[in-house]
Amino acid sequence: MKTKIYNDIINSLIKINSKFNDNFTVEIPNIVEHGDFSSNAALINAKNLKMKPIDIAQKIADDLSKKKEYKSVEIAGPGFLNFKLAYSLYYKELQGIVEAHDKYGSSNYGKQKKVLIEFISANPTGPLNVVSARAGAYGDSLYRIMNHIGFEPFREFYVNDAGNQVDILAESLEIRYRELHGHVVEDFPFEAYHGEYLKDLASELSTVEGTKLFHMTEEDRLERMRIFALDAIHKMQVNSLNRFDVHFDNWMSEKKLRSEGILEEALSYLAEAGCTYDKDDAVFFSSTKFGDEKDRVLIKADGNPTYLVPDIAYHLTKYNRGFDIIIDVLGPDHHGHVSKLRAAMKALELDGSKLEVVYLQHINLLQDGEVVKMSKRAGKIVSMDELLDEVGKDAARYFFINRKPSAHLDFDLELAKKKSSENPVFYCQYAYARINSILKKAKKAKLSLKKFDVKNLKKLKKIDEINLVKKMMDLSSILKLCADNREPHRLAAYVHELAGMFHKYYAKYKIIDEEKAELSLARLYLISAVQNVISISLYLMGISSPKKM
RNA sequence: GCGCCCGUGGCUCAAUUGGAUAGAGCAUCUGACUUCGGAUCAGAGGGUUGGGGGUUCGAGUCCUCUCGGGCGUGCCA
C-alpha cells in the first residue's frame with residue numbers, strides 16, 4: 001500500500017515537472033491525526049523544483065484527492081502530505097491476512113539470497129551458558145525472519161574441537177577420573193575447567209570403562225578422554241538447544257577442517273599472495289598492509305598454528321560455499337580479532353562487504369540487585385538449562401530478543417523467575433489465548449465464520465477497528481527492518497503493541513452480540529486476523545502461542 | 001595511548017534509519033468486574049535524550065569537541 005501511494009505521488013510530480021527527486025518516503029505517522037500515511041515528498045523536492053514546499057504539496061493534494069481510494073489528502077506543518085484512505089482498502093487487506101494464514105507477511109523480498117548465520121559457536125568444553133542463550137535466541141530468530149521473507153538462510157555452529165583448550169579439557173577430565181578412583185589430587189590446576197559437570201562425566205566414563213584407562217599409555221588415555229568429553233558435551237549442548245527450540249543446519253568441526261588440509265590451503269594462499277614471512281622461528285602474516293596495527297603470528301615458534309589460522313580457513317570455506325551474505329554473531333570481546341580476520345580476507349582478495357559481524361553485548365546477571373560474576377574457569381556460570389528451568393523457553397527467548405544486539409543486557413534473575421504480568425511475553429500470549437477463547441464461545445453461540453460473507457466487513461466502522469488492521473499491515477515492513485538491520489528486537493516491540501491494541505479493543509467493545517449477528521461475525525473475523533498475526537510474530541521469535549494459559 | 005560499543009523519566013528499554021507533540025513496561029498514585037478470560041482496561045505524575053558547538057525546512061539519530069561506563073589492543077582461544 002505504501003508503494004501504491006509512492007507511485008501515485010510520482011505520477012503527480014511528473015505532471016508538475018520532470019526534474020523531481022524520487023528520494024522521498026511514505027510512512028505511517030506516529031500520530032493518528034496525521035492520517036493513515038504521510039509523505040515528505042514536497043519537502044524533499046522544494047530545492048529541485050524551486051518551489052515552496054507548501055505549493056508543491058498543494059498541487060499533489062489537488063491531483064490525488066480526485067482519486068476515490070483517497071478519503072482525504074491534507075497538507076500539514078511545513079509541507080507534509082497526510083493521506084486518509086477509503087475503508088474498503090482496509091477490508092480487502094484484512095481479508096488477505098486471514099486468507100494468507102501463517103504465510104501472512106511472507107514475501108520474496110530476500111530474492112533467495114543465501115545467508116550464512118554463524119552463532120553461539122561456544123567452546124565444546126562445558127554446558128551452554130546464558131551468553132549462548134542470548135546468541136541462540138538472536139540467531140535463530142533472525143533465521144526465522146529471513147526465511148519468512150524470501151532469503152535462504154543457513155544456521156551454523158562452529159565447534160572449536162581442536163587446539164589447546166581441548167587438551168585442557170582432557171586433562172581436567174583425567175583429574176576428575178583419578179579423584180573418582182581414589183587418587184588424591186592436591187592442587188587442581190588454575191587453568192583447568194572447574195565445573196561440576198566434569199565430575200559427572202568422569203563417573204559416566206567409569207561406568208563405561210571402569211579402571212581400564214589406567215592401563216593405557218598417557219597419550220592414549222588422554223585421547224580417549226578427549227573424544228569422550230567432546231562427544232558428551234556436544235550432546236549436552238544439543239540437548240539444551242533443543243529445549244530452547246534453537247536448531248542448526250550444520251555443525252562445523254575445526255578438527256575436520258584441519259584433517260581436510262584446509263588450514264594448509266589457507267596458508268598457502270596467503271603465502272602465494274606474498275603476505276607471509278618468517279621471523280624468530282615463527283611465520284607472520286603481514287596484516288599491516290591491510291590496515292592492521294601490527295603483523296600477526298600464524299605459526300608459532302613451536303610449530304603449532306595460532307587460532308587465527310583455522311579461523312581464516314573457516315571463513316575461506318564460508319566464501320567458497322557461495323553465500324551472498326555471511327553473518328558472524330560474536331561476543332564483544334572479539335572485535336579485536338575481527339580486524340585481523342578482515343585483513344586476511346583482503347589479502348585473499350575476497351569481498352569484505354559480504355562479511356558482517358554482529359556484536360552481542362554482555363549480559364549482567366543480577367541477583368538481589370547485585371551483579372553475579374561469571375567465570376568459566378571457576379565454574380560459576382549460570383547455564384542455559386538452569387535458565388530454562390527457572391523462566392521457561394518462551395520468557396527467556398522474549399527477554400533476549402526484546403533488546404537490540406548492541407545493547408548491554410541486565411538480566412534480573414529474580415524478576416525473570418516471576419511468572420506474572422511483569423513479564424511482557426505473557427501479555428502477548430494472553431491476547432492470543434483470549435481470542436481463542438472468544439472464538440470458542442462464538443461457536444457455542446452458533447456464530448460461525450465459515451458462513452461469513454466478507455462483504456459484511458463494512459460493518460467494521462470504528463476507528464479502533466481500522467487501526468487494528470493498519471497495525472497488522474505493518475508486519476511485512478517490520479520484518480524487512482528486522483532482516484535488513486539484523487535486529488529482530490523490533491518484532492518483539494511490534495507484537496507487544498499489537499497485543500496491547502487488541503486488549504484495549506476488547507475492553508471497549510463487545511465482540512459477541514447475539515442481537516447483531518453480522519457485526520459480531522465481522523468482529524470475530526477481525527480478531528481472528530489479529531490472532532493470526534500474533535501467532536506468526538511469536539513463532540518467528542521461537543515463542544509458542546498457547547490456546548489456554 | 002590507540003580502536004570498537006554504549007549513555008534517553010526512579011529502573012529496564014523503544015523510537016519505521018534525518019520527520020511533526022521523544023514512546024512502552026516496571027515502580028508510584030487514582031479508578032473499573034453480576035457481562036466475551038482482571039495475566040486486562042481507563043487515568044495521573046515523572047524528560048534540557050550525559051554536556052558544548054556545528055550541518056538544515058527539521059537532530060535522540062549525522063559531523064566535531066568533551067565527560068562518564070564497558071570491551072579490546074597475546075607466539076591464549
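In what follows, every heavy atom counts, from backbone to side chain, and hydrogens, waters and symmetry copies are set aside. Residue numbers start from 1 in every chain, and the chains themselves are labelled A, B, ... in the order their sequence lines are given, proteins ahead of strands.
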Trainee: Give a yes/no on whether any side-chain N or O of Tyr506(A) is located under 4.0 angstrom from OP1 or OP2 of G38(B).
Mentor: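 Affirmative; the distance criterion is met.
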
Trainee: Between His315(A) and Asp328(A), is any side-chain donor less than 3.5 angstrom from a side-chain acceptor?
Mentor: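 Present: a donor and an acceptor within the cut-off.
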
Trainee: With respect to the phosphate group of C5(B), does any side-chain polar atom (N or O) of Ser406(A) fall under 4.0 Å of OP1 or OP2?
Mentor: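 Indeed not, no polar side-chain atom of Ser406(A) lies that close.
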
Trainee: When the C1' atoms of U73(B) and C13(B) are considered, how many whole Å apart are they?
Mentor: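 So the two C1' atoms sit 31 Å from each other.
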
Trainee: Any strand counts, and the cut-off is 3.5 Å on both contacts for Watson-Crick or G-U wobble. Which nucleotide pairs with U48(B)?
Mentor: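 Partner of U48(B): none.
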
Trainee: Using atom C1' in both nucleotides, what's the gap between G60(B) and G51(B) to the nearest angstrom?
Mentor: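 Going atom to atom, C1' in each nucleotide, I get 14 Å.
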
Trainee: Specify whether Trp251(A) and His234(A) have parallel, tilted or perpendicular ring planes, treating 30° as the upper limit for parallel and 60° as the lower limit for perpendicular.
Mentor: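 Correct class here is perpendicular.
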
Trainee: With respect to the phosphate group of G38(B), does any side-chain polar atom (N or O) of Arg434(A) fall under 4.0 Å of OP1 or OP2?
Mentor: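 So the side-chain polar atoms of Arg434(A) do come within 4.0 Å of the phosphate oxygens OP1 or OP2 of G38(B), strictly under.
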
Trainee: Distance only, no hydrogens: is a donor on one side chain within 3.5 Å (strictly under) of an acceptor on the other, for Asp295(A) and Thr288(A)?
Mentor: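 Yes, because at least one side-chain N or O of Asp295(A) sits under 3.5 Å from a partner of the opposite role on Thr288(A).
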
Trainee: Return the nucleotide paired to G72(B): Watson-Crick means purine N1 to pyrimidine N3 with N6-O4 or O6-N4, wobble means G-U with N1-O2 and O6-N3, both under 3.5 Å.
Mentor: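 Across all strands, the one nucleotide that pairs with G72(B) is C2(B).
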
Trainee: Is the NZ atom of Lys289(A) crowded by more than 12 outside heavy atoms at less than 6.0 Å?
Mentor: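 Yes, the 6.0 Å shell around NZ holds more than 12 heavy atoms from other groups.
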
Trainee: The side chain of Ala433(A) lies closest to which of these nucleotides: A77(B), U40(B), G37(B)?
Mentor: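 It is G37(B).
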
Trainee: Below the 4.0 Å mark, does G23(B) have OP1 or OP2 next to a side-chain nitrogen or oxygen of Tyr494(A)?
Mentor: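 The answer is no; no side-chain N or O of Tyr494(A) sits under 4.0 Å from OP1 or OP2.
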
Trainee: Do Asn160(A) and Glu254(A) have side-chain N/O donor and acceptor atoms under 3.5 Å apart?
Mentor: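 Checked: Asn160(A)/Glu254(A) side chains pair up, N/O donor to acceptor below 3.5 Å.
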
Trainee: Of the candidate nucleotides C75(B), U40(B), C57(B), which contains the atom at the shortest distance from the side chain of Leu43(A)?
Mentor: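 Nearest nucleotide to the side chain: C57(B).
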
Trainee: Could you write nucleotides 10-15 of chain B as a row of B, S and -, 5' to 3', where a protein heavy atom under 4.0 Å of any base atom gives B, of only sugar-phosphate atoms gives S, and otherwise -?
Mentor: --SSSS

Trainee: Between Tyr359(A) and Ile512(A), which has a closest nucleotide on RNA chain B that is more 5'?
Mentor: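 Per heavy-atom nearest nucleotide, the more 5' residue is Tyr359(A).
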
Trainee: Assess, by modelled atom type and distance only, whether the side chains of His496(A) and Asn402(A) contain a donor and an acceptor separated by less than 3.5 Å.
Mentor: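 On atom types as modelled, these side chains do not qualify, holding no pair under 3.5 Å.
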
Trainee: Determine the Euclidean distance between corresponding C1' atoms of A44(B) and U34(B); express it in Å to zero decimal places.
Mentor: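 Roughly 30 Å separates the two C1' atoms.
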
Trainee: Considering only atom C1', compute the distance from C67(B) to G74(B) and round it to an integer number of Å.
Mentor: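 Approximately 31 Å lies between the C1' atom of C67(B) and that of G74(B).
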
Trainee: Using the P atom in both, what is the distance from C65(B) to G1(B), to the nearest Å?
Mentor: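 Pairwise P distance, C65(B) against G1(B), rounds to 14 Å.
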
Trainee: Kindly say whether, by distance alone, the side chain of Ser38(A) makes a donor-acceptor pair under 3.5 Å with the base of A20(B)?
Mentor: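 Side chain to base: pair found, below 3.5 Å.
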
Trainee: Picking from C41(B), G25(B), A77(B), which would you name as closest to the side chain of His496(A)?
Mentor: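 Of C41(B), G25(B), A77(B), G25(B) is nearest to the side chain of His496(A).
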
Trainee: Does any donor-acceptor pair link the side chain of His335(A) with the base of G3(B) at a separation under 3.5 Å?
Mentor: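 Such a pair exists between side chain and base.
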
Trainee: Rounding to an integer number of angstrom, what distance separates G9(B) and G23(B) when you compare their P atoms?
Mentor: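 It works out to 15 Å between them.
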
Trainee: Looking at C75(B), G74(B), C5(B), which one has an atom nearest to any side-chain atom of Gln361(A)?
Mentor: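 Closest nucleotide to the Gln361(A) side chain: C5(B).
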
Trainee: With respect to the side chain of Lys441(A), which nucleotide from C41(B), C36(B), G37(B) is positioned closest?
Mentor: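 Nearest to the side chain of Lys441(A) among the choices is C36(B).
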
Trainee: Of the nucleotides C41(B), C75(B), A39(B), which one has an atom closest to the side chain of Ala301(A)?
Mentor: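 In terms of side-chain proximity for Ala301(A), the closest of C41(B), C75(B), A39(B) is C75(B).
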
Trainee: Does either side chain, that of Tyr307(A) or that of Lys340(A), offer a donor lying less than 3.5 Å from an acceptor on the other one?
Mentor: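 Judged by distance alone, the side chains do pair up.
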
Trainee: So, are Arg490(A) and Glu487(A) salt-bridged, with charged N and O less than 4.0 Å apart?
Mentor: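 Here Arg490(A) pairs with Glu487(A) in a salt bridge, since their nearest N and O are under 4.0 Å apart.
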
Trainee: With rounding to whole Å, what would you report as the distance between U8(B) and G50(B) at their P atoms?
Mentor: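 6 Å, rounded to whole Å.
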
Trainee: What is the distance, to the nearest angstrom, from the CD atom on Gln531(A) to the P atom on C36(B)?
Mentor: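 Atom CD in Gln531(A) sits about 18 Å away from atom P in C36(B).
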
Trainee: With both distances under 3.5 Å as the test, what is the Watson-Crick or G-U wobble partner of A77(B)?
Mentor: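 Answer to the pairing question: none, since A77(B) forms no Watson-Crick or G-U pair.
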
Trainee: RNA chain B: Asp474(A) or Ile438(A), which has the more 5' nearest nucleotide?
Mentor: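 The residue mapped nearer the 5' terminus is Asp474(A).
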
Trainee: If we only count heavy atoms from C-beta on, is the Asn467(A) to Tyr505(A) side-chain gap below 4.5 Å?
Mentor: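 Asn467(A) vs Tyr505(A): side chains apart.
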
Trainee: What about Tyr307(A), does its side chain sit under 3.5 Å from the base of A77(B) through a donor-acceptor pair?
Mentor: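 Checked by distance alone, the answer is yes.
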
Trainee: Could you identify the nucleotide paired to G7(B), looking across every strand shown and requiring Watson-Crick or G-U wobble geometry with both distances under 3.5 Å?
Mentor: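 G7(B) is paired with C67(B).
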
Trainee: If pairing requires Watson-Crick or G-U wobble contacts with both distances under 3.5 Å, which nucleotide is the partner of G23(B)?
Mentor: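 Because both required distances fall under 3.5 Å, G23(B) counts as paired with C13(B).
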
Trainee: In whole angstrom, give me the gap between the P atoms of C26(B) and A39(B).
Mentor: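 Pairwise P distance, C26(B) against A39(B), rounds to 14 Å.
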
Trainee: Establish, yes or no, whether a centroid distance under 6.0 Å links the rings of Tyr314(A) and Tyr158(A).
Mentor: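 Tyr314(A) vs Tyr158(A): aromatic centres under 6.0 Å.
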
Trainee: Starting at atom NZ of Lys471(A), determine the distance to atom P of A24(B), rounded to an integer number of angstrom.
Mentor: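 Value for this atom pair: 11 Å.
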
Trainee: Any stacking of Tyr430(A) on G37(B), going by centres under 5.5 angstrom and planes within less than 30 degrees?
Mentor: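 Tyr430(A) ring does not meet the centre or angle cut-off for G37(B); no stack.
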
Trainee: Write down the distance between CG (Leu81(A)) and P (A20(B)), rounded to a whole number of angstrom.
Mentor: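 So the two atoms are 16 Å apart, to the nearest Å.
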
Trainee: As a test of reading the structure: which of C75(B), C41(B), A39(B) is closest to the side chain of Phe426(A), going by heavy atoms?
Mentor: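 The answer is A39(B).
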
Trainee: Rounded to whole angstroms, how far apart are CG on Asp167(A) and P on C76(B)?
Mentor: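 One finds 13 Å between P of C76(B) and CG of Asp167(A), rounded.
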
